[in-house]
Amino acid sequence: MSKLKFYLAGICLILITTNQGFSQSMQNKNDFKVQTEKFADIAVLRYRVEGFDNLSTKQKELLYYLYEAALSGRDIFYDQNYKYNLTIRRAIEAVIAGNVGDHSSADFAKFIEYAKRVWFSNGIHHHYSTAKFFPTCDKAYFASLLTAVPENKLPLQTGQTKDAFISFITKIIYDPTIAPVKTNQAAGVDLVQSSANNFYEGVTQKEVEDYYKGKLDKNNPNDISFGLNSKLVKKDGKIEEQVWKVGGMYSSAIEKVVYWLEKALPVCENDQQRKAFTKLIEYYKTGDLKTFDDYSIEWVKDTRSTVDAINGFIETYDDPLSYKATYESIISFRDSNATKRIEAISNNAQWFEDNSPIQTEHKKKNVKGISAKVITVVVESGASSPATPIGVNLPNANWIRKEHGSKSVNLGNIVHAYNLASSSAMLEEFCSSPEEVKLSKLYGNLSDDLHTDMHEVIGHASGQINQGIGTPRESLKNYASTIEEARADLVALYYIVDQKLVDIGVMPTTAVGKAEYNKYIRNGLLTQLQRVKLGDNVEEAHMRNRQLIAAWAYEHGKKENVIERVVREGKTYFVINDYVKLRSIFGELLSETQRITSEGDFKAAQKLVENYAVKVDKTLHAEVLKRFEKLDIAPYKGFINPLLTPVYENGKIIDVKVSYPDDFMKQMLFYAEHYSLLPSIN
Ligand code: ZN
C-alpha cells in the first residue's frame with residue numbers, strides 16, 4: 001500500500017500538461033501529427049477524440065472517472081505478463097528519473113530504446129510474438145546505470161543489497177534461458193511450465209487441466225468461467241487459487257479502480273448503466289465469477305448509453321490454456337454517424353445466418369441481440385494499450401452470448417488514425433498490378449471497416465455448439481483462439497462480396513469485396529510475415545488464422561488456378577483469378593471451422609492449424625523481409641493516449657478538457673508517477 005499515490009486533480013494542471021509534452025500547436029486539427037516516433041519494430045501514433053466537446057458536462061465527468069479507473073489497473077497487466085516486469089520497469093524508470101548516465105552516448109540511446117520496448121509491451125516479452133527481447137547495450141553498461149541510482153530509489157526486495165539486486169535484475173534481463181517466451185503455444189511441451197507469464201506457479205499443465213476439469217459441470221451449460229480471475233499456485237503440495245479482488249491479489253490497484261467506478265455511479269446516464277457498474281464494483285470486491293456473469297449481462301443490456309466502458313479481466317489470449325484473463329480497459333462514447341453502417345449489418349444478422357454455407361444443424365435459429373456500434377475511444381489501458389484491438393465483441397462467455405447476445409464495437413477513431421498513418425509504398429511493393437493498387441486505394445478503407453464490422457457483429461456471433469461439447473477452449477484447447485478467429489474472419493470474407501451489402505446500403509459496389517480479397521490473400525501469404533523473425537513459426541492467434549485461411553484457399557484452389565503464384569524479377573505475388581470460386585472456397589472452410597467448433601473436434605483443429613497456420617516457407621519469408629527492409633515501415637503500431645484534465649469550481653467538475661500529448665516516453669513516466677499502484681512483486 002505504500003506505493004499508492006493519489007491523483008492531484010485540478011492542482012497541478014499546468015505541471016501535468018508540460019510533463020506530458022503537450023504542445024499548443026498540436027491542438028490544431030490540420031497539423032495534428034498522427035505518427036510521433038519510430039523505434040525497434042514499432043511506430044507510435046496518436047488518435048483524436050472528435051466529438052468530445054459536444055458531450056454534456058455530465059457525460060464528460062463520467063468519462064473522466066472511467067478514464068481514471070482504466071489507468072488505475074495498468075500495473076496489473078505488467079505483473080500478469082511476468083512476475084518481475086514491475087521490478088524491471090521501475091528500475092528503468094529510476095534510471096531515467098535519476099538523470100544518470102551520459103545522455104548523449106550511443107549506449108544510453110540503446111538503453112532508452114529498451115525502456116520504450118518494455119513500456120510498449122507492458123513487460124520484457126514482445127507484445128505480439130511473446131518472445132523475450134533484449135537490450136542492445138551490454139550488460140555491464142546496464143549495471144553501471146543502476147549502480148549510479150541511489151539505493152533508496154531502486155525497487156529492492158526486503159533485505160536485498162543493492163549489488164544483489166543489480167546482479168539479479170541484469171541476469172533476468174540478459175539471460176536468454178530465463179523466461180524465454182511469455183505464452184508458449186508450441187506443441188509437445190508443458191505449456192504452463194514453459195510459459196513465463198504469472199498465471200501459474202509450481203503447477204504442471206496436467207495439474208491445471210485436472211483442477212479445472214474437476215470443477216466443470218458438464219450438465220450446466222451456464223457455468224461460470226472457472227479460473228478467469230486468479231493465479232493458480234501450489235503451496236505445500238496443495239493447489240490454491242489467489243483471486244484478483246479487493247483484499248486478494250492485486251488489491252491495491254483494484255481498490256483504486258473501484259474508487260473511481262464508485263465516483264462514476266452518481267453521474268451515470270441511466271439506471272441500466274448504473275446497474276452494470278454496480279455489479280462490476282461488487283465483482284471486484286468479491287471476486288465472485290457468478291457476479292462477473294451478472295455484470296456482463298447487465299452490460300450487454302445497456303445499449304442506450306452514449307458512454308461505454310470495457311473494464312475487467314477480459315481476454316484469455318495470454319494464457320496458453322485460455323483460463324486466465326488479462327486486465328484491460330477501453331473507455332469510449334458512441335460515434336452515431338458511423339454506427340449507422342454497423343447497425344445495418346447487425347439488423348440483418350438473421351439473414352446472414354440463414355444464408356450461411358455452414359450446416360443447418362450448426363446454425364442459430366435466433367441470432368439474438370447483436371448490438372453493434374462504432375465508438376470513439378477516449379483512453380485505453382492494460383492489455384489494450386499501447387497496442388490496441390480495432391474491433392471488440394464481448395462478453396466472451398458463450399452461454400451469455402447465446403442467451404443475452406453480445407456487444408460489438410469498432411474503434412472508429414483508432415482505425416482512422418491507422419489509415420492516416422499507413423503507407424502506399426507497401427501497396428506498390430506487394431500488389432501484383434496497378435489495378436490492384438487502384439482498387440485498394442479506392443475501397444481499402446471501407447473494405448477494412450466492413451471486414452471488422454462483420455467479423456465482430458455476425459462472425460463471432462454466428463453458429464452454435466452441439467449439446468454436451470462444452471466451450472471451444474475446453475474442447476479445442478490451445479487451438480481454440482485460432483479456429484474462432486478464423487471462423488469470424490470467414491463469415492466476413494464470405495459476405496463481403498455479396499450484393500446484399502450493396503442492397504442494405506453499406507457499400508457502393510461488390511468491387512469493395514474484391515479489394516478485401518486481394519488484401520486478405522496478400523496479407524495472409526506475404527505481408528504479415530514482416531512481423532515474424534526469420535526462422536520462427538507463426539505464433540499469434542490472429543496471424544495464425546489469417547495464414548490458415550489464405551494458405552488453405554491457395555491450396556484448395558490450385559487445380560483450378562483460383563489464386564496464382566506469380567514471380568516477376570525475383571518478387572513473389574499472389575493473383576486472384578477467380579473471385580467467385582474463391583468465395584465458395586471460403587464458404588467451404590467456414591463450414592469446416594464451424595463443424596470443428598460445434599463438434600469440438602480437437603484432432604481436426606490441430607491438423608488444420610499445424611498444417612496451414614504455423615509453418616512458414618523460409619525462402620519466401622526471407623524475400624518478404626528483404627522487400628520490407630527498403631520500405632522502412634514499422635510492423636507494429638500503438639498509441640499515446642489522450643489526456644483528460646478536469647476543470648474544478650468549488651470542488652465540483654464543471655468541464656473536462658481533452659489534449660493530445662505527443663511524447664510516448666513522457667506519458668509512460670507520467671503514468672509511472674501517478675498510477676504505480678502495485679508492489680513490485682505480487
Ligand atoms: Zn475476433
Side-chain angles (χ1 to χ4, degrees), residues 127-128 183 185 225 296 300 310 312 314-319 322 325-326 328 330 342 345-346 349 352-353 356 358 364 367 370-375 377 380 383-384 387-398 400-402 405-412 414-415 418 447-465 471-473 476 478-496 516 519-520 523-524 528 531 538-550 586 589-590 593-594 596-598 605 608-609 613:
H127 73 287
Y128 215 76
T183 309
Q185 309 272 16
S225 307
S296 299
V300 166
I310 292 166
I314 310 290
E315 299 291 356
T316 57
Y317 303 124
D318 288 309
D319 177 2
S322 301
T326 46
E328 75 168 283
I330 299 174
I342 211 167
I345 293 166
S346 169
F352 289 115
E353 187 76 352
S356 166
I358 63 177
K364 278 198 182 115
V367 181
I370 307 169
S371 125
K373 62 181 175 178
V374 179
I375 56 171
V377 174
E380 297 177 300
S384 313
T388 167
I390 51 170
V392 181
N393 181 308
L394 292 172
N396 282 329
N398 265 309
I400 300 179
R401 304 167 73 85
K402 203 169 153 206
S406 60
K407 272 207 265 195
S408 278
V409 295
N410 178 332
L411 284 57
I414 299 269
V415 172
Y418 269 128
S447 73
D448 268 0
D449 282 345
L450 283 172
H451 181 93
T452 309
D453 292 349
M454 289 196 288
H455 174 108
E456 301 295 344
V457 176
I458 56 173
H460 285 304
S462 160
Q464 62 181 3
I465 293 165
T471 63
R473 69 170 186 180
L476 305 180
N478 49 318
Y479 301 110
S481 296
T482 301
I483 295 294
E484 176 58 17
E485 293 310 322
R487 204 176 63 81
D489 262 2
L490 285 160
V491 171
L493 288 168
Y494 185 76
Y495 282 116
I496 203 158
E516 181 61 22
K519 186 192 163 178
Y520 202 92
N523 185 49
Q528 76 163 1
R531 299 171 163 198
V538 178
E539 298 291 348
E540 198 274 337
H542 293 81
M543 280 179 70
R544 281 187 166 186
N545 100 65
R546 288 172 198 140
Q547 178 172 308
L548 193 170
I549 292 171
F586 286 149
L589 186 56
L590 169 57
T593 50
Q594 181 59 56
I596 288 171
T597 306
S598 295
L608 209 49
V609 175

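As the structure lists them, so they are numbered: ligands from 1, and atoms in each ligand from 1.
When each of H455, H460, K407, R401 is tested with N393 by the rule side-chain hydrogen bond (donor to acceptor under 3.5 Å, both in side chains), just one qualifies, namely R401. Y128 pairs in a side-chain hydrogen bond (donor to acceptor under 3.5 Å, both in side chains) with only one of the listed residues (E540, H542, E539), which is E540.
In terms of the ring pair (Phe, Tyr, Trp, His ring centres under 6.0 Å) criterion, residue partners of H127 (sequence neighbours excluded) are, by chain and number, F120, Y636. Partners of E484 according to the salt bridge (Lys or Arg N to Asp or Glu O under 4.0 Å) rule, which considers only residues two or more places apart in sequence or in another chain, are R487. With sequence neighbours left out, R546 forms a salt bridge (Lys or Arg N to Asp or Glu O under 4.0 Å) with no residue at all.
In this model, a donor atom of one side chain and an acceptor atom of the other lie less than 3.5 Å apart for Y520 and D489.
The number of protein N/O/S atoms found under 2.8 Å from the Zn ion (ligand 1) is 3.
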